[in-house]
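Structure first, then comments.
Per chain, numbering begins at 1; letters A, B, ... match sequence-line order.
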Protein chains: 4
Amino acid sequence: MSKGEETRQFIIEKAAPIFNVKGIAATSMSDIMEATKLSKGSMYVHFENKEVLACAAVDHNMKVLGDKILMTVGKAKTAKEELFAYIDFFNNPLNPPVIGGCPLLNFGMEADDTNPVVKEKVNGGIRFTQRVLENSINKGIANGEFKPDWNAAEFSTVIFAMLEGGNLISRISGNNDKMKIIVKTLKSIIEENTL
Amino acid sequence: MSKGEETRQFIIEKAAPIFNVKGIAATSMSDIMEATKLSKGSMYVHFENKEVLACAAVDHNMKVLGDKILMTVGKAKTAKEELFAYIDFFNNPLNPPVIGGCPLLNFGMEADDTNPVVKEKVNGGIRFTQRVLENSINKGIANGEFKPDWNAAEFSTVIFAMLEGGNLISRISGNNDKMKIIVKTLKSIIEENTL
Amino acid sequence: MSKGEETRQFIIEKAAPIFNVKGIAATSMSDIMEATKLSKGSMYVHFENKEVLACAAVDHNMKVLGDKILMTVGKAKTAKEELFAYIDFFNNPLNPPVIGGCPLLNFGMEADDTNPVVKEKVNGGIRFTQRVLENSINKGIANGEFKPDWNAAEFSTVIFAMLEGGNLISRISGNNDKMKIIVKTLKSIIEENTL
Amino acid sequence: MSKGEETRQFIIEKAAPIFNVKGIAATSMSDIMEATKLSKGSMYVHFENKEVLACAAVDHNMKVLGDKILMTVGKAKTAKEELFAYIDFFNNPLNPPVIGGCPLLNFGMEADDTNPVVKEKVNGGIRFTQRVLENSINKGIANGEFKPDWNAAEFSTVIFAMLEGGNLISRISGNNDKMKIIVKTLKSIIEENTL
DNA sequence: TATGAATGAGCCTTCATTCAT
DNA sequence: TATGAATGAAGGCTCATTCAT
């Protein structure tokens, strides 16, 4: 990795959590400057403008999240364990796997009406996540863990939606009680579909 | 209502959708000026500063949403109809009941890490919404529509979370397919608990 | 004149000579700030952006020049005196009637390849100036001062071009010798066409 | 020519038309970088700073112009043909012999009040050009082509000034009509002084 | 109450320039 | 010689806010 590429990566890593916490609009280039201890001009050596940097930060946050999901799910042995691992992974939004909380929710809600580029990135992230779940369910159906008529596409949507909704409630209420209900509910549905 | 109060209300009504669409940080006082055709000074006659106006806009958006929910649910005759009405009310996030989409999601995600005042307002909105659902379920249990052992508190959380999650998916993907799955799933759970 | 209009005019008057001396590109909003002792924000209350202010400054410089020309020419009694007055008016480019020298030359040369709006303004100024000369010649022909077959359109172009060219030489060489030659030449052509 | 000298020359050739078109102030080192496809550092290996590069560009533009003039005039056989060749050379400012138009006019007007170094360079260019004309006239007088009492110094100034003035008019108006008048006028004066 | 002129801090960005490699 | 990363001052401009009228 060249010096330039290294610095670029360094900036992204410092910037990503800031964007995820404050939002794109509320994050200034000066915030990034301060976090990186680099000069203002230096930011523009590596990123054409704030929008490009913000996009890189969005990508980074989603990649970190995606990698952690894959790693977590990857450790599971059975399909059911995979689903449980995924659900437990999002278990505690007050201490989230990515600083600032789920970037899909954060950037999605900021970008939906105003930033088509970021919106499309988030769209990719959502589809990826649901595909992970769908794969686990289909795998469980194929290997006889789950009922064969379980609708993988539909339930992956249900898991994703409920966890994101629970995310919202927990982060806003400042406690995890509702998230526990959601986790319990999802797990019981999974049990119902387990043979 | 005095002239001043009238103007204040007028500003709020013009400002609310702008804040809900663009977010608080990305909305400038000039945006509101333009929308109201009022002078810059006039804004500060009625609102101490941007934060106060933003809070009023958050309140307004949530009140509009709450009123529409109550009106929609109020038209239903049975408890089940109430739940169905609520679900159908959030049926199409691409053409949402409030311009800019669900303010709980929008302001919640912007404020969770940065704005305790707005965060607490959203918290109130979330609790209100879930209480509406809980009331319907409890009413249905009381009048024999629903199974007596149905957990109202838990299922109201499930409905709310799934609809908000579906909201995210639909608005970002730009189509409603996943929302339809969620609606179907929720209604089938309700049917299962209907006597 | 409203307070705002007054300030706007004040800014233009302070800005005009700066733009004419330094050129549009080399003049910064800070330069104007300093000259007016106004705040940076104040400039943008009265002018949308630098381009708009620059255009107003171009207009102002040309208007000042045009008014002085008309006043000077207006004092003359005969057509010949008018032409002589015009020529003498541009007599000394080292101490020009407008600070920074002829704005037609200054802004024309800066704008010709890069700024169509200013270019068109300068075009208007050039046409105006030549029309003044043409009118004087035609008046002299009509009243029998000048030979009837003198081509007014052509000679007004010749006067204008030679004076602008002389302007260039004088300002760059830092002395007026060549301008004197031009003045002498022009006057002798006029004499030749005087009856 | 060493590698270094070669690169230096290459940069000058790419930079010269840019400076002549946009002006010195409005041309950035990045513009030159882009045009040469060289690195930013490379510019500073060959030129101490922007001012030095700009000066080299001014010199280059004037040299190209001067060489073309000499070549054009050199092809003529008689003194009158030389003068005519010179005039025709500047015939069409809309398609000028040097990209961006006459550098004497361009840089002269930008530098007169702000850049003594460039101003002096332009001064040299103006004197050179007039000397070329003066030489032709004197040659014609000496060989009996022109009237012996024709004032070479004065008429060379007249030609130069009128052509530069015509240059301004043509480039700003976007058409050549006025330049034709000037060419016609100059040639008829020459004819009048031809024996 | 309403206006809009005025402010200055702060925004994103570009600039000319330096320097280690 | 050539590179391109790094710098910080300065660029144009927007911001939230104040205040005299």
If you look at every strand shown and take non-hydrogen atoms under 4.0 Å, does Thr27(B) touch a base, only sugar-phosphate, or nothing?
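Sugar-phosphate, no base atom in range.
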Using atom [atom1] of [X] as one end and atom [atom2] of [N] as the other, report the distance to the nearest whole Å.
X        : N       : atom1 : atom2 : result
Phe10(B) : dA2(E)  : CZ    : P     : 11 Å
Asn49(B) : dA16(F) : CG    : P     : 11 Å
Ile24(D) : dA16(E) : CD1   : P     : 12 Å
Glu34(D) : dC15(E) : CD    : P     : 10 Å
Met33(C) : dG11(F) : CE    : C1'   : 13 Å
Phe47(A) : dT14(E) : CZ    : P     : 15 Å
Ile32(D) : dC15(E) : CD1   : P     : 11 Å

Applying side-chain hydrogen bond (donor to acceptor under 3.5 Å, both in side chains), which residue pairs with at least one partner in residues 44-55 of chain B are found, sequence neighbours left out?
Glu51(B)-Asn115(B)
If you restrict it to nitrogen or oxygen atoms, what contacts under 3.5 Å exist between nucleotides 3-6 of chain E and the protein, and what is each distance?
from, atom 1, to, atom 2, distance (Å)
dG4(E), N7, Gly41(B), N, 3.2
dG4(E), O6, Gly41(B), N, 3.4
dA6(E), OP1, Lys3(C), NZ, 3.3
dA6(E), OP1, Thr7(C), OG1, 3.0
dA6(E), OP2, Thr7(C), OG1, 3.4
dA6(E), OP2, His46(C), NE2, 2.4

I need the [X] [atom1] to [Y] [atom2] distance, nearest 0.5 Å.
X         : Y         : atom1 : atom2 : answer
Asp113(A) : Lys119(A) : CG    : NZ    : 7.0 Å
Asn106(D) : Asp112(C) : CG    : CG    : 6.0 Å
Arg171(A) : Leu105(A) : CZ    : CG    : 8.5 Å
Lys14(D)  : Ile32(D)  : NZ    : CD1   : 11.5 Å
Asn20(C)  : Glu110(C) : CG    : CD    : 10.5 Å
Ile11(D)  : Arg8(D)   : CD1   : CZ    : 8.5 Å

Classify the side-chain pair Ser30(D)/Lys40(D) by whether it contains a donor and acceptor separated by less than 3.5 Å.
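Looking only at side-chain atoms, Lys40(D) and Ser30(D) do form a donor-acceptor pair, the distance falling under 3.5 Å.
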Hey, is the side chain of [X] poking within less than 4.0 Å of OP1 or OP2 on [N], counting only N and O atoms?
X        : N       : value
Ser30(A) : dC11(E) : yes
Ser28(B) : dT14(F) : no
Tyr44(C) : dT14(F) : no

Between Asp31(A) and Glu48(D), which has a closest nucleotide on DNA chain E that is more 5'?
Asp31(A)
Taking the side chain as everything from C-beta on, heavy atoms only, tell me whether Leu104(D) gets closer than 4.5 Å to Ile172(C).
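No - every pair of side-chain heavy atoms lies 4.5 Å or more apart.
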Under the rule of Watson-Crick or G-U wobble with both distances under 3.5 Å, where | means paired to another strand and [ ] a crossing pair, DNA chain F maps to .||||||||||||||||||||
Between Lys50(B) and Lys50(C), just flag the one whose closest nucleotide in DNA chain F comes earlier from the 5' side.
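Nearest-nucleotide comparison on DNA chain F picks Lys50(C).
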